[in-house]
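This report concerns only the one structure given below.
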Amino acid sequence: MHINRQNYETFFLLYADNELSATERKTVEEFVDANPDLAEELQSLLDVILPAEISTADFKSNLYKKEIELDSLQESMLMALDGELDPGHAKKLQSAIQADINLQKEWNTWQQTKLDPKDKMVFADKKSLYRKEEGRVVSISFWRVAVAAAVLLFGLFIGINYFKKQDAAQSGFVKSNANPGQSKETGSNPVTAGQVNTPQTVTEEKNANAEAQQSTASADPVSDKQKTVSESQVSGKKQPVNTGNAEKSIAVKAATNNKREEKPVTNSKTSLENINNPSGNESTASTVTNKKGVEVTEVEKIPEQQLASTTTDKKKIAAPSRPVVDYNSIPPMETNSYAKTASFSDGDPGNDNKVLYMSEGTINRTKLGGFLRKVKRTIERNTSVKTGNGIKIAGFEFASK
Amino acid sequence: MTEREYNECVNHYADNVYRFILKNLRNEEDARDVVQGAFEKMWVNRLQVDNEKSKSYLFTVAYNHMIDHIRKNKRISLKDDFAEDSRGAAQQHSNAKRILDEALAKLSETQRSLVMLKDYEGYNYAEIGEITGLNESQVKVYLHRARLQLRAYIVRPENVI
């Protein structure tokens, strides 16, 4: 390349456009130095070249993505603030902070950027968040519910009737035992009352002497009667002796109550006729079976005199309604206890003794039964539906009697 | 997770989740909706949720619900930001907590969530990464940037007490 005063303009333009190589640029610069009058012309060409006014350096720096650039101390502080710094480094950092006041200020500033966990906010409507697992639902059709209800009602009805009957029967028995005067009021026979009490008297001491019996007879007619009945049932050896004692007691009684002597006898006959005859004598009747299984009416064994003597004082004679003597359970003669000899036959399936309840007709009339009958009548009247003797509920008919 | 464990979760974590969401959304009703949605989802999936991880599960679900909510209501959120700014300019902030709350509001949702999960709930980087779907180094970098921004806001001359 040769530059001279004829072709220098071309070289000057190439220089300004930066299109020359380093050697050519140097040649141009040497030419300008040799011809200073042309230096001004080169400068004017360089001046019209647009400068790079917009620097992309800042923009690019924003575009760059780089990992955070922190010095090690600052990063250590941030890690310590997050609690992620290992204990060894944390110790070193603490000592460095304590040694430098500027670091202390820096550390305090970083600590201010940490949120306070005590800054609580309460979610007021927690109830809306609670949940409960739904249990398994089993659907039951209406007719099943209706049948179940009917069965329950039926069971309730039967149960109430059963317990009421039992209560009434028990209360009747207790009444008849507890109120001796009832025999008079109900027209019961004293002779049969005496029979009823025989369970207690059967086991009474057989070796009691005559004096004791006499005194007892005069003091307590009931016990006297019991003794006389027991005498009729004892073995053949002792019977004569006891009969004698009985006669003695009867004699004492006869002396005291001559006027009443005949009445009880007739009553005893009436009672004999009425035994096992519910219509005639509802309140008192019982049969006793002896040890050999032969059914014996105790009244027949009792001498009339004894009967007369035992029935002289009706007010004091108890007339229990349905006791039963189970002679099979009676121990031999030496048994002294009253309690052991008496037993009820209600729940004993092996016992053949018959029991006649007192006022059974009235016991069956319960309040519930009456109420149901009223309901039945009302329904019949209103619906003009004719039912049977029973009560119809939900397609079921209950017998009212 | 049993019914009892779920209800214990309600007792233990409902307030924390509510605070986490409310500080992000700055709207009580929206925060309540998000919290209820999160608990509802946990109830539905209770058989798959391990009781030991119930808290992080709850925060994860709540965080995702919150992000969805923010995306749906971006315009409203911008208006809120504007209102917040104007209000902030008008008032003289006099305490560090208020300034810090303002600085927190300036952060992006992700940065804000990271700071709150770290400071309020005490999660480590890995746990925060599980909740937010970031890796551990990302959590660290984003969290440190957030700290720098908070610091820059706090040390501004108008905020210096």
Side-chain angles (χ1 to χ4, degrees), chain A residues 61-90 93 97 100-137, chain B residues 2-4 6-7 9-11 13-23 28 31-32 35-36 38-40 42-44 46 96-97 99-101 103-104 114-116 118-126 128 136-137 139-155:
Chain A
S61 68
N62 288 333
L63 295 176
Y64 290 140
K65 292 291 179 189
K66 57 186 177 185
E67 292 288 323
I68 189 166
E69 290 177 1
L70 299 169
D71 59 46
S72 60
L73 190 63
Q74 198 175 33
E75 187 170 356
S76 295
M77 281 186 177
L78 284 169
M79 294 284 281
L81 199 67
D82 291 341
E84 301 279 345
L85 201 64
D86 60 90
H89 282 90
L93 181 68
I97 289 169
D100 192 345
I101 294 174
N102 291 328
L103 282 179
Q104 282 179 14
K105 285 180 182 176
E106 180 90 357
W107 176 243
N108 289 335
T109 311
W110 282 121
Q111 280 188 321
Q112 286 177 23
T113 65
K114 197 168 172 66
L115 303 176
D116 185 8
K118 291 176 184 173
D119 181 19
K120 298 255 179 190
M121 286 184 179
V122 178
F123 187 80
D125 195 16
K126 277 186 191 150
K127 283 183 182 175
S128 65
L129 300 177
Y130 292 134
R131 293 282 184 279
K132 194 175 179 181
E133 283 180 346
E134 292 174 3
R136 192 181 163 205
V137 179
Chain B
T2 63
E3 175 194 325
R4 188 178 59 80
Y6 168 83
N7 287 323
C9 270
V10 172
N11 290 333
Y13 307 134
D15 292 341
N16 295 26
V17 177
Y18 179 64
R19 176 179 61 185
F20 174 61
I21 302 298
L22 181 61
K23 288 254 181 183
E28 287 186 11
R32 214 173 292 134
V35 171
Q36 282 180 339
F39 274 100
E40 183 63 33
M42 190 167 81
W43 173 250
V44 170
R46 66 187 179 282
K97 186 180 173 301
I99 293 166
L100 184 60
D101 283 340
L104 195 66
L114 297 181
V115 172
M116 284 194 289
K118 167 56 76 180
D119 291 349
Y120 284 152
E121 309 304 330
Y123 283 123
N124 59 34
Y125 292 155
I128 292 171
E136 198 173 332
S137 61
V139 171
K140 179 183 169 186
V141 170
Y142 291 168
L143 195 56
H144 287 186
R145 279 188 191 152
R147 295 274 186 216
L148 286 169
Q149 286 190 37
L150 290 174
R151 182 174 177 270
Y153 188 86
I154 287 168
V155 298

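A, B, ... follow the sequence lines: proteins, then strands. Residue 1 opens every chain.
With a 4.5 Å cut-off on non-hydrogen atoms, A:E84 touches chain B through its side chain but not through its backbone. Within the 4.5 angstrom heavy-atom criterion, no atom of B:R4 approaches chain A. Looking at B:A14, both its backbone and its side chain come within 4.5 Å of chain A, counting heavy atoms on both sides. Both the backbone and the side chain of B:Y120 have a heavy atom closer than 4.5 Å to some heavy atom of chain A.
A salt bridge links B:R32 with B:E28: the closest approach of a Lys/Arg side-chain nitrogen to an acidic carboxylate oxygen falls below 4.0 angstrom.
Looking at B:Y125 and A:D82, their side chains come closer than 4.5 Å, going by heavy atoms from C-beta outward. Using a 4.5 Å heavy-atom threshold, the side chains of B:Q149 and A:T113 count as separate.
Among A:D125, A:T109, A:D119, the residue making the largest number of heavy-atom pairs under 4.5 Å with chain B is A:D119.
Taking NZ of A:K126 as the start and CG of B:N7 as the end, the distance is 12.0 Å to the nearest 0.5 Å.
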Inset, instruction - Show your reasoning for whether side chain to side chain contact (heavy atoms under 4.5 Å, CB included) applies to B:M42 and B:C9. - result: CA-CA 10 Å; B:M42 190 167 81; B:C9 270; 3.7 Å; yes

